[in-house]
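Beneath this line is the structure, given in C-alpha cells, with notes to follow.
As the structure is a prediction and not an experimental result, all values here were calculated from the model. FYI, side chains are in, hydrogens and waters are out, and symmetry mates aren't considered; it's all heavy atoms of this structure.
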Amino acid sequence: MSILQTITSPQELSKLSDEQMERLSAEIRQFLIANVSKTGGHMGPNLGVVELTLAIHRVFDSPRDSIIFDTGHQSYVHKLVTGRQDFSTLRQAGGIAGYPERAESVHDIVESSHASSSLSWADGISKARVLAGESERCVIPVIGDGALTGGMAWEALNNIAADKDRRVIIVVNDNGRSYAPTVGGLADQLGRLRRNFLDKVRTHRTYENIMDGTKHKLQNGGPMGQMVYRSLHAAKKGAKDFWAPQGLFEDLGMKYIGPVDGHDQRALEEALTDAKNYGGPVIVHALTEKGKGYAPARADENDQFHAVGVIDPETGEPVHRGGARSWTSVFEEEITAIADEREDIVALTGAMMIPVGLRSFAQKHPDRVFDVGIAEQHALTSAAGLAFGGLHPVVAIYATFLNRAFDQLLMDVALHRAGVTVVLDRAGVTGPDGPSHHGMWDLSLLQIVPGLRIAAPRDSTRLREELREAVAVDDAPTVLRFSKGSVNGEIDALERLEDGVDVLWRTADSSDTSTETQKPYAHDVLIVSVGTMAELSLDVAQRLGDQGISATVVDPRWVLPVPDSVVSLAARHRTVICIEDGVKAGGVGSRIRQSMREAGVDTGLNEVGLPVEFLAHGTRGEVLERVGLTAQKITQDAVGQVLGTKVPYARPLPGDPFPTGQIPSLRTRKA
C-alpha cells in the first residue's frame, strides 16, 4: 500500500517522517498525472502546490483552522488528503468537483472559484472568530500571485492589516503565473523580493514588544527622543529593504516571511509555524513551479498545463484532437484581421490572453493589446477611457467574469455611451467546471443596460459578421457572446429580413405567399433561436412538422434591442417559443414578451432557457438534458401548447373553442 492510500484525514500527516513526506509528495504527483490525464482538469497548478498544501495541513488543524483556496482550481491535493481519492469521475456528473465544494467535505469552504476573493472571505471569517471568542483559530487563505492583481484582494488586505490580533496567515503561492505569466507592477515587486534571515526574529512577539516599547519611550522623550526615533526607524527600514525589499506588504503594517522555497517541505513548515505563532496577520511568500515534476507541463510555454483535456500521461499530448474549430479560434482570427485593417482597434483582457483568443492580435500589434491582470472592473472602465481617447476597445473575457464588472459596464461604459465591444467567451453552459463557470447570467444581466446591443452568433460565419458589426458601433456598448468548444456547423438562412433577422425554417406549405392573406396565421409556432441554440431549434421545428404542426424558426442575430420583425412575426403565429442558453428569468424571451406587449401583440410566449439555479458540473449535454433543454422536451411542451393543454396556450384557430386545459380527446369523449 502506498503512503497516500493510508491518508484519510489531514491529521495523519503529522505521523509521517521527513522521508515519508518526500515519498508522499512523489506519490501525489504520480497520482495526479495518472488520473487527471484520464479525465482532464487543472494539472499544472496542482502539481505546483503539493508540498505547500501538505505543509499547510501539517501545521494547521483543518477544519478547525479554515483553509481557503483562491481560486480553488489548485485544491486537488487538498482533496486527496481530506479523504477524497477517487478521481475516476473528476469533474464529471456525480463525481468530485474540480473546485472546493461544501457538499463534499467539511474541509471545503469557498466554492465560487472566482479569483481574488479569498482575502475578503478570510477577513470575514477571522472577524467572526474574534467575536465568537475563538481568536486562537487560524484562517489561511492561499492566493496565487496572479489573483493579487485583482483589486478586491487589496481592499481586503487594507482591512486585515488594520487589526493586529487576528490570526490570518496569507499564503502567497507565487509561481509567476495566472494562466500565463503574471503581469504588472505587482509581479515586478514580487520578483525583487529575497529571503530575509531576520524573518524568524521579527515574527516573535518579544521582538514586537521591545520595538513598541522603545518607540513609545523615544516618542515621549521630547524633541531629542523623537529625533533619535526617526533616525533609528529610518535606518531600520533602510536595512530591511536592503536585505528584503518587502515594503509592498509591510507598508500596510503586515508581517512578511519569505520568499520560501515552495517545494522545500521543512522550510515551508518552519515558515508557516513562525507565522502561526506570531498571533497576528502574516504573509508567507512561497515560490512554486507550476507543473512541478512533470516535464511536458514544464515545457508548455503557453500555460504549463493550467488545464488539460484527456492526454497521454507519458507525452502530455491530447488523446483526441478535435477536427472542428473552436469559437475562440474563429474570434482570434477575425479580430486580428480587423486590427490589421483598423488602427483604432485595441483589446483588453484579464490575465487570459491565450484562453480568450488575443494571442495573434498581441503578436502582430503588441502595443495595442493590454493584459490588465485579474481585474475585470478595471478593464471595463479603462476601456471607457480608451473610447474617450478615440479608440475602439474590445474587452475579451469569460462570460461568467462579466458579473464582476457589471457596475462599470453600466455606469462607466453605457452611461457615457462609449463605443466599447465586450466579447464573452464560454457563454451559456460550459460543463465540467461547474456552477461558478457557467456563463449563464449575462443575457439576463445585460437586458437592463440602456443602449446596449447584444449579438449571439449561431456559427462561424455569423460570428465574423456580427463582430464586424459590433466594432462599427461607436456610440454605445456592444456585446458579442459565444459558447465553449467547437463551432456549430454552418447554418445558412432561407432569407434575411430588412432588420437583419435570419429566417432559418418555414414549414413548406406556407412558403406559398399567395395564400397567406387568406390564413389567420402564417404558422402555428414561431421559434426564436438565440445563438448556439439554432441546431436545437431546427430539430424542434422538424419534430413539430412530424406532428402536423407548422413552424417558423428565426435567428435575430442581434437579440437586443428586440428586432421589429420578431414582434411582427409573433403577431402572425399562434404561439412563440424563445430558446436560449441563459437564465430564462429576465432573459431574451422575457424581453421579447415585453416588446410584444408594448406593441399590442398578445400571442403567448414560452421562455425556454436555464432555471435560476446553480447547475452542478457535468458535460454540456448532460447539464442541458438535466434542465429540459432537449428537442424532445421542448417539442412535447409545444405540442401541448398548440393543443391547448399546456400554458401558454396557442391562439385557437377560427371556430375552435378557447383552450380549457383539458385534453381534447377527453373533452370530445365526454361530450
Side-chain angles (χ1 to χ4, degrees), residues 443-444 447 501 503-507 510 516 519-530 533 536-556 559-612 627-667:
L443 288 174
S444 292
Q447 295 295 328
V501 172
V503 179
L504 306 183
W505 172 282
R506 290 192 191 97
T507 299
S510 70
E516 284 198 8
K519 298 179 179 179
Y521 305 114
H523 283 137
D524 293 317
V525 181
L526 173 65
I527 301 174
V528 181
S529 171
V530 176
M533 297 289 99
L536 175 62
S537 298
L538 291 171
D539 191 356
V540 171
Q542 178 68 60
R543 290 168 182 254
L544 288 174
D546 294 342
Q547 299 291 322
I549 297 172
S550 60
T552 304
V553 178
V554 296
D555 171 14
V559 297
L560 186 70
V562 176
D564 290 341
S565 63
V566 171
V567 177
S568 298
L569 285 167
R572 299 178 55 244
H573 286 73
R574 297 177 61 199
T575 190
V576 181
I577 302 171
C578 180
I579 304 177
E580 57 190 298
D581 58 347
V583 176
K584 58 186 174 182
V588 174
S590 177
R591 187 61 177 266
I592 292 174
R593 181 159 44 80
Q594 292 172 33
S595 296
M596 288 166 54
R597 297 301 175 264
E598 291 170 1
V601 176
D602 63 353
T603 310
L605 184 147
N606 185 30
E607 301 100 331
V608 178
L610 303 176
V612 183
V627 301
L629 263 174
T630 64
Q632 181 178 14
K633 178 64 168 62
I634 297 169
T635 303
Q636 288 174 347
D637 289 345
V639 170
Q641 290 154 20
V642 170
L643 293 178
T645 62
K646 188 174 180 61
V647 175
Y649 302 134
R651 288 173 173 171
L653 292 169
D656 285 353
F658 191 82
T660 63
Q662 299 296 316
I663 298 176
S665 60
L666 293 181
R667 186 168 63 243

* Do you know the tightest heavy-atom contact between Gln447 and Leu560? -> OE1-CD1, 3.5 Å
* **Option from Val553, Leu605, Val525 for which side-chain contact (heavy atoms from CB on, under 4.5 Å) with Ile577 holds** => Val525
* Asked: Going by heavy atoms in the side chains, are Asn606 and Val608 under 4.5 Å from each other?
  -> yes
* Structure fact -> Minimal heavy-atom distance between Ala570 and Val576, with the atoms involved, is CB-CG2, 3.7 Å
* For His523 and Arg572, what are the C-alpha separation, side-chain angles and deciding distance, and is it a side-chain contact (heavy atoms from CB on, under 4.5 Å)? -> CA-CA 7 Å; His523 283 137; Arg572 299 178 55 244; over 6 Å; no
* **Side chain to side chain, Val562 and Val567, heavy atoms closer than 4.5 Å** => yes
* Asked: Does the side chain of Val583 reach to within under 4.5 Å of the side chain of Leu443, using non-hydrogen atoms?
  -> no
* Asked: Any donor and acceptor pair, going by atom type alone, linking the side chain of Thr645 with main-chain N or O of Gln641 inside 3.5 Å?
  -> no
* Structure fact -> Shortest non-hydrogen pair, Ala571 vs Thr603, comes out as CA-OG1, 3.9 Å
* OG/Ser537 to CG/Leu504 distance, rounded to the nearest 0.5 angstrom? -> 8.0 Å
* Structure fact -> When rounded to the nearest 0.5 Å, the distance separating CG of Leu544 from CH2 of Trp505 is 9.5 Å
* **Non-hydrogen atoms of Pro563 and Pro556 that approach each other most closely** => CG-CB, 4.1 Å
* Residue pairs fulfilling salt bridge (charged side-chain N to carboxylate O under 4.0 Å, His left out) with at least one residue in residues 574-583, sequence neighbours excluded -> Arg481-Asp581, Asp524-Arg574, Asp581-Arg620
* Asked: Once you round to the nearest 0.5 Å, how far does OG1 of Thr507 lie from CD of Gln542?
  -> 9.0 Å
* Check whether any side-chain heavy atom of Val554 sits under 4.5 Å from a side-chain heavy atom of Ile527, and report yes or no. => no
* Among all residues two or more places apart in sequence or in another chain, which pass the salt bridge (Lys or Arg N to Asp or Glu O under 4.0 Å) test with Asp564? -> none
* Under the side chain to side chain donor-acceptor pair (under 3.5 Å) rule, collect the residues that match up with Thr575, sequence neighbours excluded. => none
* Structure fact -> From the list Val528, Ile634, Val530, side-chain contact (heavy atoms from CB on, under 4.5 Å) with Ile579 holds only for Ile634
* Ignoring hydrogens and angles, tell me if any N or O in the side chain of Arg597 forms a donor-acceptor pair with the backbone of Val601 under 3.5 Å. => yes
* To do: Indicate yes or no: at least one non-hydrogen side-chain atom of Ser590 is less than 4.5 angstrom from one of Lys584.
  => no
* Which heavy atom in Pro648 sits nearest to a heavy atom in Gly604, and how many Å separate them? -> CB-CA, 4.2 Å
* To do: Return the set of residues passing side chain to side chain donor-acceptor pair (under 3.5 Å) with Asp637 (not counting sequence neighbours), or none when no residue passes.
  => Lys633
* Structure fact -> For Val540 and Ala631 the tightest heavy-atom approach is CG2-CA, 3.9 Å
* Asked: With sequence neighbours left out, what residues match Asp656 under side chain to side chain donor-acceptor pair (under 3.5 Å)?
  -> none
* **Results of salt bridge (Lys or Arg N to Asp or Glu O under 4.0 Å) for Asp602 - residues two or more places apart only** => Arg651
* To do: State, with a plain yes or no, whether a side-chain heavy atom of Tyr649 is found less than 4.5 Å away from one of Leu643.
  => no
* **Worked verdict on Val588 versus Cys578 for side-chain contact (heavy atoms from CB on, under 4.5 Å)** => CA-CA 8 Å; Val588 174; Cys578 180; 4.0 Å; yes
